[in-house]
Structures are given as structure tokens and as C-alpha cells.
Amino acid sequence: MVAAELATGYSALKTAYDMAKGLKDIDDRVKLNAAIIDLQEKIQTARDDADAARHRLIELQAIVAELTDWQKMAARYCLKDFGGSTFAYELRSEFAEGEPIHKACPKCFQDKKRAILQYRHKDSNQRDHYKCNSCSTQFELGHYVPYQPKVNRSSDWRS
């Protein structure tokens, strides 16, 4: 898109240049004025195209910077299996940079967004429950351990 806008602007400038060269040979004042107006329009078109190309270039530079920032952020995390085929991203300790080790939502992470999972509780099956406050997804991380109630093995039923 930027290349097309630049090419159009270049073409308009070349046409304007050629027109300007031809202006010296025009003796008729009406024709000269019409040619000058046409030349001004070509120059304005070239300016507009160059301006549009410059704005698009700035947009593309911002996108590249955003992707570069995300790549740096994502490199600090690794996808971890918490057991029982449950996964989340976790901050690598060597890249913590003063942050506490935490888990990040895999759904948001795939959307190039870091959302820290918030611990809720541990259930009776020994799974840790987390919630992503960004996408509201709830996670149960860890192996499923069937609940086994404690059995009182005392001979005295009253104890």
C-alpha cells in the first residue's frame, strides 16, 4: 500500500515536472494559466499521496514496534503442563526482573495479551482453581486426585 502511494506520488511529480518544463513555451496567457492550475493540482496530488504514504509508514512502524514488544514479553514465559493435561503460561524465573512468578492465561496469551491468572482456591480433588480477569475463563490446574474422606479407625465410635 505504501509503495503504491509512493509510486502514484512520484508519477504525479514527474508529470508536474514535465508540465513545468513545457510552461516556458506557452505564449497564450489563458493557456498558461490553465497549465499552471493543472500543474498546481498535480503537485497537490503528489503532496497528498506522499502524506498518505508517510502516515501509513508511521502506522506500520507502530505495528512492528508492538510486535517486537510482544515478542520480548512472550519470550519471558513458557507453556507449562501442570499435570492432568492442564496448561498455562508461567513466568520463567530467570526473566522475572523483580516480578513474582505467576501464571498467565493461555487464551489471552494466544491473542498477544498478557493476563495474569488469579488464584481462587484448591478443591477437594487437589486441583488449583484460577480465573483470568481479562477473559473470565476459569482454570483448574493440576492432577485430578479423587476425594477420599477420612475414615475414623478408632474402636470407640464416640471418639
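All of these numbers come straight from a predicted model, not from anything done at the bench.
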Novice: Evaluate the side-chain proximity of Leu57 to Gln61: yes if any heavy-atom separation is below 4.5 Å, no if none is.
Specialist: yes
Novice: Considering non-hydrogen atoms only, spot the tightest contact between Ala96 and Ile101 and give its length.
Specialist: CB-CD1, 4.1 Å
Novice: Is it true that a side-chain atom of Asp123 and a backbone atom of Asn125 form a donor plus acceptor pair closer than 3.5 Å?
Specialist: yes
Novice: Start with the C-alpha gap between Phe139 and Thr86, add the side-chain angles, then the distance that decides, and say whether side-chain contact (heavy atoms from CB on, under 4.5 Å) holds.
Specialist: CA-CA 8 Å; Phe139 296 90; Thr86 60; over 6 Å; no
Novice: Within a 6.0 Å radius of atom CD on Gln126, are there more than 12 heavy atoms belonging to other residues, nucleotides or ligands?
Specialist: yes
Novice: Could you tell me which residues satisfy side chain to side chain contact (heavy atoms under 4.5 Å, CB included) with Cys78, sequence neighbours excluded, listed by chain and number?
Specialist: Arg92
Novice: Under 4.5 Å between any side-chain heavy atoms of Leu60 and Val64, yes or no?
Specialist: no
Novice: Does Glu99 come within less than 4.0 Å of Arg114, counting only side-chain N to carboxylate O?
Specialist: yes
Novice: Kindly give the heavy-atom pair with the smallest separation between Tyr130 and Asp128, and that separation in Å.
Specialist: CE1-CB, 3.6 Å
Novice: For Lys112, does the NZ atom have more than 12 heavy-atom neighbours from other residues, nucleotides or ligands under 6.0 Å away?
Specialist: no
Novice: In Å and rounded to the nearest 0.5 Å, what is the CG to CD distance from Leu91 to Glu97?
Specialist: 8.5 Å
Novice: I'd like to know whether Cys132 forms a side-chain contact (heavy atoms from CB on, under 4.5 Å) with Lys107, so could you lay out the CA-CA distance, the side-chain angles of the two residues, the decisive distance to 0.1 Å, and finally the verdict.
Specialist: CA-CA 9 Å; Cys132 174; Lys107 182 178 185 294; over 6 Å; no
Novice: Should Gln44 and Glu41 be marked as a side-chain contact (heavy atoms from CB on, under 4.5 Å) after you check the CA-CA gap, both sets of side-chain angles, and the distance that decides it?
Specialist: CA-CA 5 Å; Gln44 187 60 46; Glu41 289 174 356; 5.7 Å; no
Novice: Minimum heavy-atom separation for Ala88 to Leu141, with atom names?
Specialist: CB-CD1, 4.2 Å
Novice: Shortest non-hydrogen contact from Gly84 to Arg127?
Specialist: O-NH2, 4.1 Å
Novice: Please tell me if the side chains of Arg54 and Asp51 come closer than 4.5 Å, counting only heavy atoms from C-beta onward.
Specialist: yes
Novice: Surrounding CZ of Arg120 (heavy atoms of other residues, nucleotides or ligands, distance under 6.0 Å), is the total greater than 12?
Specialist: yes
Novice: Looking only at non-hydrogen atoms, find the nearest pair between Tyr77 and Phe109 and report the distance.
Specialist: CB-CZ, 3.7 Å
